[in-house]
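To keep things clear, I will list the structure first and then write my remarks on it.
A quick note: this is a predicted structure, and the numbers were derived from the prediction, not measured. For ligands, and for the atoms within them, numbers begin at 1 and follow the listed sequence. All values below come from the heavy atoms of this structure, side chains included, with hydrogens, waters and symmetry mates left out.
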Amino acid sequence: MKPDCVRKNLQGEVLARIQQAGFTVVGMKQINMTKAMAEGFYAVHKGRPFFDGLVEFMTSGACVPVALEKDNAVADYRTLIGATDPKDAAPGTIRKDFADNKGENIVHGSDSAENGIIEVSYFFAQTELL
Ligand code: UDP
Ligand code: MG
């Protein structure tokens, strides 16, 4: 959950939707990312025109990283959150209902199981996971 989600006090509502969709919460915490952490997390987007703004946004307040488990998790989570830009997101999705724009879009989502494992280990020690 990104800083806009925390600022809007939507953590509970967003997490409820995720749990109702059948995901198990394997890990959860609240953190203030440093610039270096945000740059590292989004390193794949380095050089893109939106990169600096993205890092600034992700360090503008606390984030709530959540490690999730489910069969078909990546695809099902994408369906639940909707398209990156809320204008393009399907009705009833988290981004359609809560996001202001393509940059401030409430939640992150891993794009593959492989990256999901890398991203979970970016935020969580083994002792913090179910
Ligand atoms: N982003 C942005 N402008 C863009 C594309 C992406 O600000 O034109 C931000 C947005 O917060 C997005 C994140 O960069 O969630 C990562 O982009 P990606 O294309 O991976 O979207 P996602 O996987 O989050 O849907
Ligand atoms: Mg992505």
Side-chain angles (χ1 to χ4, degrees):
M1 302 190 226
K2 296 183 177 183
D4 55 337
C5 181
V6 175
R7 271 194 287 274
K8 291 176 169 180
N9 275 318
L10 289 170
Q11 305 98 311
E13 224 169 317
V14 169
L15 190 66
R17 289 196 186 197
I18 292 168
Q19 290 177 300
Q20 278 155 19
F23 289 84
T24 300
V25 176
V26 173
M28 182 161 60
K29 61 168 69 168
Q30 180 165 285
I31 60 163
N32 291 293
M33 276 203 280
T34 62
K35 190 163 182 266
M37 278 178 82
E39 285 173 348
F41 187 69
Y42 283 115
V44 65
H45 295 304
K46 202 169 164 62
R48 301 270 199 96
F50 60 85
F51 182 76
D52 289 350
L54 176 59
V55 169
E56 190 164 328
F57 167 55
M58 293 301 291
T59 56
S60 68
C63 292
V64 177
V66 184
L68 298 169
E69 189 173 86
K70 187 183 182 300
D71 288 342
N72 202 36
V74 170
D76 287 356
Y77 181 80
R78 285 276 156 189
T79 301
L80 182 68
I81 67 174
T84 307
D85 189 334
K87 289 203 296 282
D88 304 327
T93 59
I94 288 170
R95 281 168 165 171
K96 183 59 147 193
D97 289 348
F98 300 127
D100 288 337
N101 55 64
K102 194 176 186 180
E104 308 203 358
N105 57 5
I106 303 288
V107 284
H108 173 76
S110 302
D111 59 14
S112 66
E114 188 187 17
N115 281 335
I117 290 166
I118 293 168
E119 292 181 348
V120 167
S121 63
Y122 200 81
F123 292 113
F124 296 97
Q126 277 305 319
T127 51
E128 297 173 318
L129 298 168
L130 290 184

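Nearest protein neighbour of atom 10 (C) of ligand 1, counting heavy atoms only, is K102 O, 3.2 Å. Nearest protein heavy-atom contact of atom 16 (C) of ligand 1 is H45 NE2, 3.5 Å. Atom 24 (O) of ligand 1 has its closest protein heavy atom at R95 NH2, 3.0 Å. In terms of protein heavy-atom proximity, atom 9 (C) of ligand 1 is closest to L54 CD1, 3.8 Å.
Listed by first and then second residue, the ring-ring contact (aromatic ring centres under 6.0 Å, His included) pairs that reach into residues 47-75 are H45-F50, sequence neighbours excluded.
Considering backbone and side-chain atoms together, T84 places an N or O closer than 3.5 Å to an N or O of ligand 1. Between V107 and ligand 1, no N or O atom pair is found at a separation short of 3.5 Å.
Dense packing is recorded around CD of Q30, with more than 12 heavy atoms of other residues, nucleotides or ligands lying under 6.0 Å away. Taking a 6.0 Å sphere around NZ of K35, one finds it holds 12 or fewer heavy atoms contributed by other residues, nucleotides or ligands.
One distance of note links CD1 of I106 with OG1 of T93; it measures 11.0 Å at 0.5 Å rounding.
Residue contacts with ligand 1 include N105, since one or more of its heavy atoms lies under 4.0 Å from the ligand. Assignment of R78 to the shell around ligand 1 is supported, since a heavy atom sits closer than 4.0 Å.
In this structure, E13 does not pair ionically with R17, as no charged nitrogen and carboxylate oxygen lie closer than 4.0 Å. Under a 4.0 Å N-O distance rule, the pair K87/D85 qualifies as a salt bridge.
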Between side-chain atoms of residues 67-78 and protein atoms elsewhere (two or more places apart, or another chain), which donor-acceptor pairs fall under 3.5 Å?
{"unit_1": "K70", "atom_1": "NZ", "unit_2": "D76", "atom_2": "OD2", "d": "2.5"}
{"unit_1": "N72", "atom_1": "ND2", "unit_2": "D76", "atom_2": "OD1", "d": "2.9"}
{"unit_1": "Y77", "atom_1": "OH", "unit_2": "H108", "atom_2": "O", "d": "2.7"}
{"unit_1": "R78", "atom_1": "NH2", "unit_2": "G109", "atom_2": "O", "d": "2.7"}

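The K2 neighbourhood of ligand 1 comprises atoms 10 (C), 11 (O), 12 (C), 15 (O), with distances under 4.0 Å to a heavy atom of that residue. Applying the 4.0 Å criterion to heavy atoms of G103 picks out, from ligand 1, the atoms 7 (O), 10 (C), 11 (O).
Among all heavy-atom pairs drawn from K96 and A90, the shortest one is CB-O, 3.2 Å.
Among F41, F50, F57, the residue whose heavy atom lies closest to atom 5 (C) of ligand 1 is F50.
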